[in-house]
Amino acid sequence: MSELGPEGCQPVLLGVIGWPVGHSLSPVMHNAAFRAEGMDCHYVAFAVPPADLAAALAGIRALGIHGVNVTIPHKEAVIPLLDEVAPSARQMGAVNTIANREGRLVGYNTDGWGFISSLEEAGVKPAGMRAVVLGAGGAARAVAVHLALSGVSRLTISNRTAERAERLAALVRDLVPGTEAEAVASGSEEEAAVLAEADLVVNCTPLGMHPDGVDLTPLPRIDLLPPGAVVYDTVYRPRETRLLREARQRGLRTISGVGMLVHQGACAWEYWFGRRGPVSVMAEAARRALEAME
């Protein structure tokens, strides 16, 4: 017998909201996990333009959708539209998971835990590292805060808008006192200087999120990175982005964002179902889907 959803209702509907969202592997990953666990749940992608975000949340309440993930560009904009936001998500200023609790929408953030879990899975321990985070949006906030919590020796936020980078650096210093967090502008001499000393670079921008391969966005100066540096891209489609490909060709260690996707998704289950999702099943489903797209 399949597992019943909340309050014995079948089936249970969940999904992901974003714009665009057609690239998302979340439906493949979660639906494979539901089948493996014998759960009558279904997960779909909802393309929600920014102007329709409030209406989409009203629809989640009205339709009784059990929960959703939130992706670009809604992670920050969704916060004032929710009934409740977990303290950690509010501190980071970003939500990537929403649970519908009898019509009350509660926001959480599992990105940071997913990122750190995927780093550890790859054998990378951030404690003592000099880390550079590219971007200052919702994903960058979660990554930066959790890198600080993990004990990096120095954290640099690089963003096209230096003021936004400085706001994130200040947030990190406030949430994790004692962290050496600084901000630089993308493409600046200051960015070049920190890249030359970096142990870990994490891309948290949409750079490379072009499955058709058309992406003319300038890459950061990875040629400046020292031997042994790790380059991590939170973008997971294509599996090897331009950033990862060029880093690999220079002999640097690279990590795809698939692991972060899988682990943050497994963490989201705790808020939807009270238990962690099956990581191995979700990882295998994501891997096969990516291979099929290549």
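Side-chain N or O atoms of Arg239 include none that pairs as donor or acceptor with a backbone N or O of Leu290 at under 3.5 Å. Proximity of a side-chain donor or acceptor of Arg221 to a complementary backbone N or O of Ala192 within less than 3.5 Å is not detected. With Ser150 contributing its side chain and Ala127 its backbone, the two residues share no donor-acceptor pair below 3.5 Å. At distances below 3.5 Å, at least one donor-acceptor pair connects side-chain atoms of Asn31 with backbone N or O atoms of Pro27. Of the possible donor and acceptor atoms, none in the side chain of Asn100 sits under 3.5 Å from a partner among the backbone N and O of Gly64.
Note: Lys75 NZ to Thr97 OG1 = 8.5 Å, rounded to the nearest 0.5 Å. Here the CG-CG distance, from Leu81 to Leu105, works out to 9.5 Å after rounding to the nearest 0.5 Å. Separating the CG atom in Asp223 from the CZ atom in Arg250 is a distance of 4.5 Å, to the nearest 0.5 Å. Put simply, CG on Leu25 and CE on Met282 are 11.5 Å apart, with the number rounded to the nearest 0.5 Å. Here CD1 of Ile222 is found 5.5 Å from CG of Leu243. Values are rounded to the nearest 0.5 Å. Here the CZ-CD distance, from Arg245 to Gln249, works out to 6.5 Å after rounding to the nearest 0.5 Å.
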Show the numbers, then the answer: is there a side chain to side chain contact (heavy atoms under 4.5 Å, CB included) between Trp113 and His146? CA-CA 7 Å; Trp113 294 115; His146 280 76; 3.5 Å; yes

Using side chain to side chain contact (heavy atoms under 4.5 Å, CB included), reason through Phe46 and Ile65 one step at a time and then give a plain yes or no. CA-CA 12 Å; Phe46 298 107; Ile65 295 173; 4.0 Å; yes

Asp233 vs Thr241, side chain to side chain donor-acceptor pair (under 3.5 Å): CA-CA, chis, key distance, verdict: CA-CA 8 Å; Asp233 201 336; Thr241 61; 2.6 Å; yes

What verdict does the side chain to side chain contact (heavy atoms under 4.5 Å, CB included) test give for Leu200 and Val152, after you've listed the backbone C-alpha separation in whole Å, the side-chain angles of each residue and the deciding distance to 0.1 Å? CA-CA 10 Å; Leu200 172 66; Val152 293; 5.7 Å; no

Worked check of side chain to side chain contact (heavy atoms under 4.5 Å, CB included) between Arg276 and Cys267: CA-CA 6 Å; Arg276 187 70 58 96; Cys267 288; 3.7 Å; yes

Between Trp19 and His74, does the ring-ring contact (aromatic ring centres under 6.0 Å, His included) criterion hold? Intermediate values first, please. CA-CA 8 Å; Trp19 184 261; His74 302 319; 8.3 Å; no

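Here the side chains of Cys41 and Phe273 are in contact, with some heavy-atom distance below 4.5 Å. In this structure the side chain of Glu191 reaches within 4.5 angstrom of the side chain of Ser186, judged on heavy atoms. For the pair Arg275/Glu37, a side-chain contact is recorded, criterion being any heavy-atom separation below 4.5 Å from C-beta on. Using a 4.5 Å heavy-atom cutoff, the side chains of Thr71 and Ser24 are not in contact. Here the side chains of Asp111 and Val143 are not in contact, with every heavy-atom distance at 4.5 Å or above. Taking 4.5 Å as the limit, some side-chain heavy atom of Val124 sits within range of a side-chain heavy atom of Arg253. Between Val194 and Arg154, the closest side-chain pair of non-hydrogen atoms falls below 4.5 Å. Counting heavy atoms from C-beta outward, Asn109 and Ser88 have side chains that stay 4.5 Å or more apart.
For CZ of Arg160, the number of neighbouring non-hydrogen atoms (other residues, nucleotides, ligands) closer than 6.0 Å is 12 at most. Counting heavy-atom neighbours within 6.0 Å of Arg101 CZ, excluding the residue itself, gives a total above 12.
Clustering ILVMFWY residues whenever any of their side-chain heavy atoms sit less than 4.5 angstrom apart, transitively, puts Leu244 in the very cluster that holds Leu134. Put simply, Leu63 and Val78 are part of the same group of oily side chains (I, L, V, M, F, W, Y) that touch within less than 4.5 Å, one to the next. The hydrophobic clustering, which links ILVMFWY residues whose side-chain heavy atoms are closer than 4.5 Å, places Trp272 and Met39 together. Under a hydrophobic-cluster definition in which Ile, Leu, Val, Met, Phe, Trp and Tyr are linked whenever side-chain heavy atoms come within less than 4.5 Å, directly or via other members, Leu171 and Ile116 are assigned to the same cluster. Leu175 and Leu155 end up in the same hydrophobic cluster when Ile, Leu, Val, Met, Phe, Trp and Tyr side chains are linked at under 4.5 Å.
Closest non-hydrogen pair, Cys204 versus Val133, comes out as SG-CG1, 3.9 Å. Considering every non-hydrogen atom in both Ser118 and Phe115, the closest pair reads OG-O, 2.7 Å. Of all non-hydrogen atoms in Leu168 and Ala136, the two that sit nearest each other are CD2-CA, 3.9 Å. Residue Ala165 comes nearest to Ile157 through the heavy atom pair CB-O, 3.7 Å, listed as atom of the first residue, atom of the second, then distance. Contact record, Gly228 with Leu252: N-CD2, 4.3 Å, taken as the closest heavy-atom pair. Taking each heavy atom of Val262 and Ala283 in turn, the nearest pair found is CG2-CA, 3.7 Å.
Salt bridge status for Arg287 with Glu291: present, with a side-chain N to carboxylate O gap under 4.0 Å. Using a cut-off of 4.0 Å between Lys/Arg side-chain N and Asp/Glu carboxylate O, Arg173 and Glu166 are scored as salt-bridged. Between Arg164 and Glu76, at least one side-chain N (NZ, or NE/NH1/NH2) sits under 4.0 Å from a carboxylate O, which counts as a salt bridge.
Relative ring orientation between His30 and Tyr43 is described as parallel, the plane-to-plane angle staying below 30° on a 0-90° scale split at 30° and 60°.
Under the rule for a salt bridge (Lys or Arg N to Asp or Glu O under 4.0 Å), Glu246 has no partner lying at least two apart in sequence or in another chain.
In the hydrophobic clustering, where aliphatic and aromatic side chains (Ile, Leu, Val, Met, Phe, Trp, Tyr) are joined below 4.5 Å either directly or transitively, Tyr271 groups with Val106, Tyr108.
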